[in-house]
Amino acid sequence: MKSRPTRLLAEALLLVAIVAGFHAWRSRDLLPADERTAAPYFSLVDLEGRRWTPEALTGRPAVLYFFAPWCGVCAASSPQLRWFDRWAAGSVRIVLVGLDWSSAEELSAYASRHGLQLPVLLGDPATAAAYRVRGYPTYYVLDSRGRVARRDFGYTTAPGLWLRTRGI
């Protein structure tokens, strides 16, 4: 018979394996990051009316953060995005891409409600398809040349974003 600590360790390892397997399954369709391919092209307008393309994100690493205004996990991640933006101090650009929205006002209200003073692009289904967004939030880290360097989905923290953008 196994001791209690051994059993607890085995259960914890099983839980970690299940979570890791689920994460691998969910991220299987995201754009590859190990090949450093160019980010798919888009031409989107932000809430201020400025046009953005992947070329506008070159020169320093960038995080493209795809969200939906109704997404609870996205809302919970918002403070982390604010903290990371302050922490990165301009060395990494964060750009939010709103998807599955009904009006620009809805996206503006979301950004205001969560204190996000980051560019919010009005995303469209073509952009979601090009970036293989299947759930929210999904985010890609682009290197300074606009190539996909990292990708992930779900809740993230400021330290997690910092780790994902180091060495890029």
Side-chain angles (χ1 to χ4, degrees), residues 19-85 88 92-158 160-161 164-165 168:
V19 169
F22 178 73
H23 187 270
W25 179 77
R26 285 283 317 261
S27 62
R28 74 190 183 286
D29 292 329
L30 294 176
L31 295 173
D34 53 349
E35 299 170 14
R36 292 281 176 114
T37 57
Y41 183 79
F42 61 82
S43 179
L44 301 172
V45 175
D46 68 14
L47 292 172
E48 308 298 319
R50 296 174 296 215
R51 181 141 315 266
W52 290 74
T53 63
E55 292 77 30
L57 301 176
T58 59
R60 61 181 161 161
V63 175
L64 274 178
Y65 185 86
F66 295 90
F67 75 99
W70 48 261
C71 169
V73 176
C74 302
S77 295
S78 293
Q80 301 297 322
L81 295 173
R82 287 193 318 267
W83 295 333
F84 177 72
D85 186 47
V92 177
R93 175 176 283 159
I94 303 172
V95 177
L96 285 70
V97 182
L99 297 172
D100 203 10
W101 48 273
S102 58
S103 70
E105 291 76 26
E106 181 184 20
L107 292 178
S108 182
Y110 175 91
S112 179
R113 182 171 57 253
H114 297 290
L116 297 170
Q117 297 180 354
L118 301 163
V120 177
L121 310 186
L122 295 119
D124 56 28
T127 305
Y131 281 85
R132 301 180 187 174
V133 176
R134 306 278 191 274
Y136 305 108
T138 295
Y139 48 98
Y140 288 93
V141 176
L142 308 181
D143 66 16
S144 62
R145 294 174 51 193
R147 301 174 304 178
V148 176
R150 307 255 194 307
R151 83 281 202 282
D152 215 335
F153 69 94
Y155 181 81
T156 190
T157 63
L161 285 170
R164 287 177 182 90
T165 58
I168 295 178

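We use all heavy atoms of the structure for the numbers below, so side chains are in, but hydrogens, waters and symmetry mates are not.
- Using modelled atom types, one side-chain atom of Thr165 and one backbone atom of Leu161 make a donor-acceptor pair closer than 3.5 Å.
- No side-chain donor-acceptor contact under 3.5 Å links Thr58 to the backbone of Pro54.
- Crowding of Arg36 atom CZ: a count of heavy atoms from other residues, nucleotides or ligands under 6.0 Å exceeding 12.
- The aromatic rings of Phe66 and Tyr140 lie perpendicular to each other, with more than 60° between the two planes, well past the 30° mark.
- Judged by distance alone, the side chain of Tyr131 and the main-chain N or O of Leu31 form no donor-acceptor pair under 3.5 Å.
- Using a 4.5 Å heavy-atom threshold, the side chains of Leu142 and Val148 count as touching.
- In this structure, CZ on Arg93 lies 10.5 Å from CG on Asp85, to the nearest 0.5 angstrom.
- Side chains of Leu64 and Trp52 form no contact here, defined as non-hydrogen atoms less than 4.5 Å apart.
- Between the side chain of Ser77 and the main chain of Gln80, no donor-acceptor pair closer than 3.5 Å is present.
- Taken to the nearest 0.5 Å, the CZ atom of Arg151 stands 7.5 Å off from the CG atom of Asp34.
- The side-chain heavy atoms of Asp100 and Tyr136, taken from C-beta on, include a pair separated by under 4.5 Å.
- Remark: the backbone N or O of Gly123 is paired with a side-chain donor or acceptor of Trp101 at under 3.5 angstrom.
- Annotation: side chain of Val141 is in contact with side chain of Val63 (closest heavy-atom distance under 4.5 Å).
- Two residues are said to be in side-chain contact when any heavy atoms from C-beta on lie closer than 4.5 Å; Leu116 and Tyr110 meet this criterion.
- Remark: Leu121 CG to Leu107 CG distance equals 10.0 Å, nearest 0.5 Å.
- Rounded to the nearest 0.5 Å, atoms CG (Leu122) and OG1 (Thr127) are 10.5 Å apart.
- A donor and an acceptor atom, one from each side chain of Thr37 and Glu35, are nowhere located under 3.5 Å apart.
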